[in-house]
Amino acid sequence: MATDTVLVVGVGVAGEAAARRLAEHDWTVTALDEAPVAPARAELLRSRGVRVVDEVGANDAAHFVEDATLVVPSPGVPWSHPALVEARRLGVLCWSEFELAAQWSDLPMVGVTGTNGKTTVTELVTRMLRASGMRTVAAGNTELPLVDAVAPSAGGEVDLDVVVVEASSFRLQFTETWRPSVGTWLNVAEDHLDWHPTMAHYIAAKTRLWAAQEPSDVALANAEDPIVSEAARSAPGRVGTFGIDAGDWRVVENALTDPSGAVVLDIADLWRRYPHDVVDALAAAATAHEAGADRAAVIDVLATFDGLPHRVRMVGEHGGVRYVDDSKATDPHASIAAISSFDSVVLIAGGRNKGLDLSALASTTDRLRAVVAVGEAADEVVDVFAGRRPVVVARSMDDAVAAAQAAAQPGDVVLLSPGCASFDWYGSYAERGDDFIRAVHQIVGGDR
């Protein structure tokens with residue numbers, strides 16, 4: 001068996017970057033995908049000496065593991081994939097792109113994980129560090145793979161002071177030495193059980209955020225999440241906490257305060273003030289502070305941030321009814337947070353379930369006027385709310401918005417917060433959100 005042979009499984013954005021960078025580090029690389037690889041991507045990889053094999057059945061992919069000393073799975077390749085099962089059987093090393101980056105670079109990193117909120121907090125922290133004069137980018141579970149972020153430029157230098165890394169459980173699962181100097185864990189709730197075999201497996205992957213930290217590093221934990229708080233007890237670094245009512249960074253008399261009790265910013269001055277926004281703001285402020293941000297920069301970003309698309313974003317208003325896009329809510333925990341931000345909601349929910357228990361949505365019944373069920377999980381949504389609230393099934397986004405409009409009364413919010421993935425009807429949550437926006441704009445017209 002060769003000593004420098006690597007198998008990359010999945011040739012999406014992250015897989016392509018990993019294969020390309022591995023080839024640059026003189027590994028012999030084979031990149032596999034069950035689907036056809038985009039011609040331009042395949043041509044690029046082949047020009048770097050990578051063997052590209054696409055349209056390979058999952059079971060056939062396992063045979064390629066026999067010739068590898070390292071397997072690098074792309075984030076979308078689940079734990080149960082035959083290639084990964086075979087790698088575990090043979091004792092072949094499995095690393096994500098995070099571990100490759102750790103092997104190749106000693107650039108300081110800040111890690112942010114959590115079931116929900118990690119993209120927002122990653123963006124907030126990145127802006128705070130930039131506003132403090134630090135050279136930084138957001139990488140990882142973004143359009144910029146971490147192996148590309150830490151790669152030297154043509155001049156041989158890495159023009160960054162720190163990388164802010166959005167850390168998904170998929171990437172954390174396959175790490176050994178990857179070490180953020182500041183690691184922030186926002187929350188944990190049932191999610192991605194179509195990838196992880198159990199909830200305990202999912203939590204263990206998240207816990208790896210802190211596994212390789214040293215005593216000089218910082219672990220920031222949500223003081224109001226019992227699972228996160230318990231995991232922090234074993235963190236090797238110094239532990240800090242945040243939370244609305246508990247934590248080193250918390251809310252006192254309607255203001256965000258730091259560990260000394262000093263006011264950071266009044267809640268009234270935040271860019272937005274839903275409960276989950278307040279927690280995100282506390283987490284971002286704590287993270288940026290520990291990473292070296294200036295206090296003035298932290299305050300300015302918290303006041304001026306304009307939010308991210310498809311996350312509880314106002315789309316328009318018509319007839320006294322507001323329409324809100326929260327397509328990014330792909331698990332019940334996220335949907336519950338969004339619903340809890342409003343007094344009376346007509347909910348559009350459903351899509352492709354990720355192996356999750358949607359019955360948790362029933363806890364929001366007192367805030368719901370009606371429910372419109374969509375997508376593959378429509379029957380599951382109906383089962384959750386039948387007998388509790390009026391619920392109808394829609395077969396398209398246009399039908400869903402029309403049904404929600406018919407059920408809504410002045411003062412209500414029509415909320416797309418699906419609690420499920422988008423891959424039944426759409427290619428991404430963003431595509432789903434955009435379709436909702438289009439359908440709403442047909443209704444609200446000049447009122448938007």
Side-chain angles (χ1 to χ4, degrees), residues 7-15 18 32-35 56-59 61-62 65 71-89 92-100 111-119 140-142 145-146 165-176 178 185-209 211 227-228 231 327-335 350-358 360 375-377 380 418-424 426-429 432:
L7 177 67
V8 175
V9 185
V11 193
V13 173
L32 295 184
D33 204 298
E34 295 177 35
V56 178
N59 290 325
V65 177
V71 173
V72 177
S74 293
V77 178
W79 181 257
S80 60
H81 190 281
L84 301 188
V85 173
E86 182 68 1
R88 293 194 293 274
R89 187 184 73 83
V92 177
L93 196 62
C94 288
W95 284 350
S96 68
E97 57 146 329
F98 280 18
E99 186 60 26
L100 294 177
V112 179
T113 198
T115 301
N116 294 301
K118 56 185 177 292
T119 304
N141 194 38
T142 69
L146 187 55
V165 183
E166 182 179 335
S168 67
S169 62
F170 311 146
R171 289 166 165 93
L172 288 170
Q173 178 67 54
F174 300 108
T175 58
E176 293 182 5
W178 182 70
W185 189 352
L186 302 173
N187 49 58
V188 66
E190 191 178 71
D191 198 9
H192 299 307
L193 296 186
D194 53 349
W195 196 103
H196 294 278
T198 65
M199 186 64 183
H201 192 268
Y202 173 56
I203 293 169
K206 290 289 192 187
T207 305
R208 297 198 65 77
L209 176 75
I227 295 175
V228 176
S327 182
K328 182 62 173 66
T330 60
D331 62 81
H333 179 262
S335 294
R352 175 165 292 171
N353 194 349
K354 297 184 285 183
L356 309 180
D357 181 3
L358 300 186
E376 290 178 0
E380 295 177 71
C420 294
S422 59
F423 301 120
D424 51 348
Y426 303 99
S428 67
Y429 73 81
R432 175 172 62 190

Q: Nearest 0.5 Å please: distance from the NZ atom of Lys328 over to the OG atom of Ser422.
A: 10.0 Å
Q. Does the Ser327 side chain pair with the main chain of Tyr429, one donor and one acceptor, at a distance under 3.5 Å?
A. yes
Q) Can you tell if the side chain of Leu84 reaches within under 4.5 Å of the side chain of Val77, non-hydrogen atoms only? A) yes
(Q) If I compare all heavy atoms of Glu176 with all of Arg208, which pair ends up nearest, and what's the gap? (A) CA-NH2, 3.8 Å
Q: May I ask you to test the Tyr202-Val188 pair for a side-chain heavy-atom distance under 4.5 Å?
A: yes
Q | Sole residue of Asp194, Asp424, Asp191 in salt bridge (Lys or Arg N to Asp or Glu O under 4.0 Å) with Lys354 | A | Asp191
Q | Set of side-chain hydrogen bond (donor to acceptor under 3.5 Å, both in side chains) partners for Asn187, sequence neighbours left out | A | none
Q | Closest heavy-atom pair and its distance - Val11, Ser74 | A | N-OG, 4.2 Å
Q. Given side chains that start at C-beta, do those of Thr330 and Pro418 come closer than 4.5 Å, heavy atoms only?
A. no
**Q.** Listed partners of His192 passing side-chain hydrogen bond (donor to acceptor under 3.5 Å, both in side chains), at least two apart
**A.** none
Q) Would a 4.5 Å heavy-atom cut-off, applied to side chains only, mark Leu146 and Val165 as touching? A) yes
Q. Short question: side chain of Glu99, backbone of Trp178 - any donor-acceptor pair under 3.5 Å?
A. yes
(Q) Strictly distance-based, threshold 3.5 Å: is any side-chain N or O of Asp33 a donor or acceptor partner for the main-chain N or O of Gly10? (A) no
Q. Is there side-chain contact between Arg88 and Trp79, with at least one heavy-atom pair below 4.5 Å?
A. yes
Q: Applying side chain to side chain contact (heavy atoms under 4.5 Å, CB included), run through Ile203 and Ile227 and close with a yes or a no.
A: CA-CA 8 Å; Ile203 293 169; Ile227 295 175; 3.8 Å; yes
(Q) To check you understand the geometry: which heavy-atom pair defines the closest contact between Val8 and Gly15, and what is its length? (A) CG1-O, 3.6 Å
Q: Determine whether the side chains of Lys206 and Thr113 contain a donor N or O and an acceptor N or O closer than 3.5 Å.
A: yes
Q. What's the verdict on side chain to side chain contact (heavy atoms under 4.5 Å, CB included) for Asn116 and Asp331, showing C-alpha distance, side-chain angles and the deciding distance?
A. CA-CA 9 Å; Asn116 294 301; Asp331 62 81; 2.9 Å; yes
Q | Val56 and Glu34, any side-chain heavy atoms less than 4.5 Å apart | A | no
(Q) If you compare all heavy atoms of Leu209 against all heavy atoms of Ala167, which two are closest, and at what distance to 0.1 Å? (A) CD1-CB, 4.4 Å
Q: Could you tell me which non-hydrogen atom of Glu86 sits nearest to which non-hydrogen atom of Ala62, and how far apart they are?
A: CG-O, 3.6 Å
(Q) Can you classify the ring geometry of Trp195 versus Phe174 as parallel (below 30°), tilted (30 to 60°) or perpendicular (above 60°)? (A) perpendicular
Q) Within a strict 4.5 Å, meaning less than it, do heavy atoms of the Leu356 and Cys420 side chains meet? A) no
Q: Would you sort out whether Asn353 and Glu376 count as a side-chain hydrogen bond (donor to acceptor under 3.5 Å, both in side chains), showing the intermediate values?
A: CA-CA 8 Å; Asn353 194 349; Glu376 290 178 0; over 6 Å; no
Q) Taking the side chain from Arg432 and the backbone from Ala421, do they hold a donor-acceptor pair closer than 3.5 Å? A) yes
Q: Verify side chain to side chain contact (heavy atoms under 4.5 Å, CB included) between His81 and Asn59, making sure each step is shown before the conclusion.
A: CA-CA 8 Å; His81 190 281; Asn59 290 325; over 6 Å; no
Q: Test side chain to side chain contact (heavy atoms under 4.5 Å, CB included) on Met199 and Glu190 and set out the steps.
A: CA-CA 7 Å; Met199 186 64 183; Glu190 191 178 71; 4.3 Å; yes
Q. If we ignore angles and hydrogens, is there a donor and acceptor under 3.5 Å between the side chains of Glu166 and Thr119?
A. yes
Q. Side chain of Ser96, backbone of Phe98: donor and acceptor closer than 3.5 Å?
A. yes
Q.
For a quick test of reading the model, state the closest non-hydrogen atom pair linking Leu358 to Ala377 and the distance between them.
A. CD1-CB, 4.2 Å
(Q) Using only atom types and a distance under 3.5 Å, with no angle test, would you say the side chain of Arg171 pairs donor to acceptor with the backbone of Glu97? (A) no
Q.
Measuring only between side-chain heavy atoms, which start at C-beta, is Val72 closer than 4.5 Å to Val9?
A. no
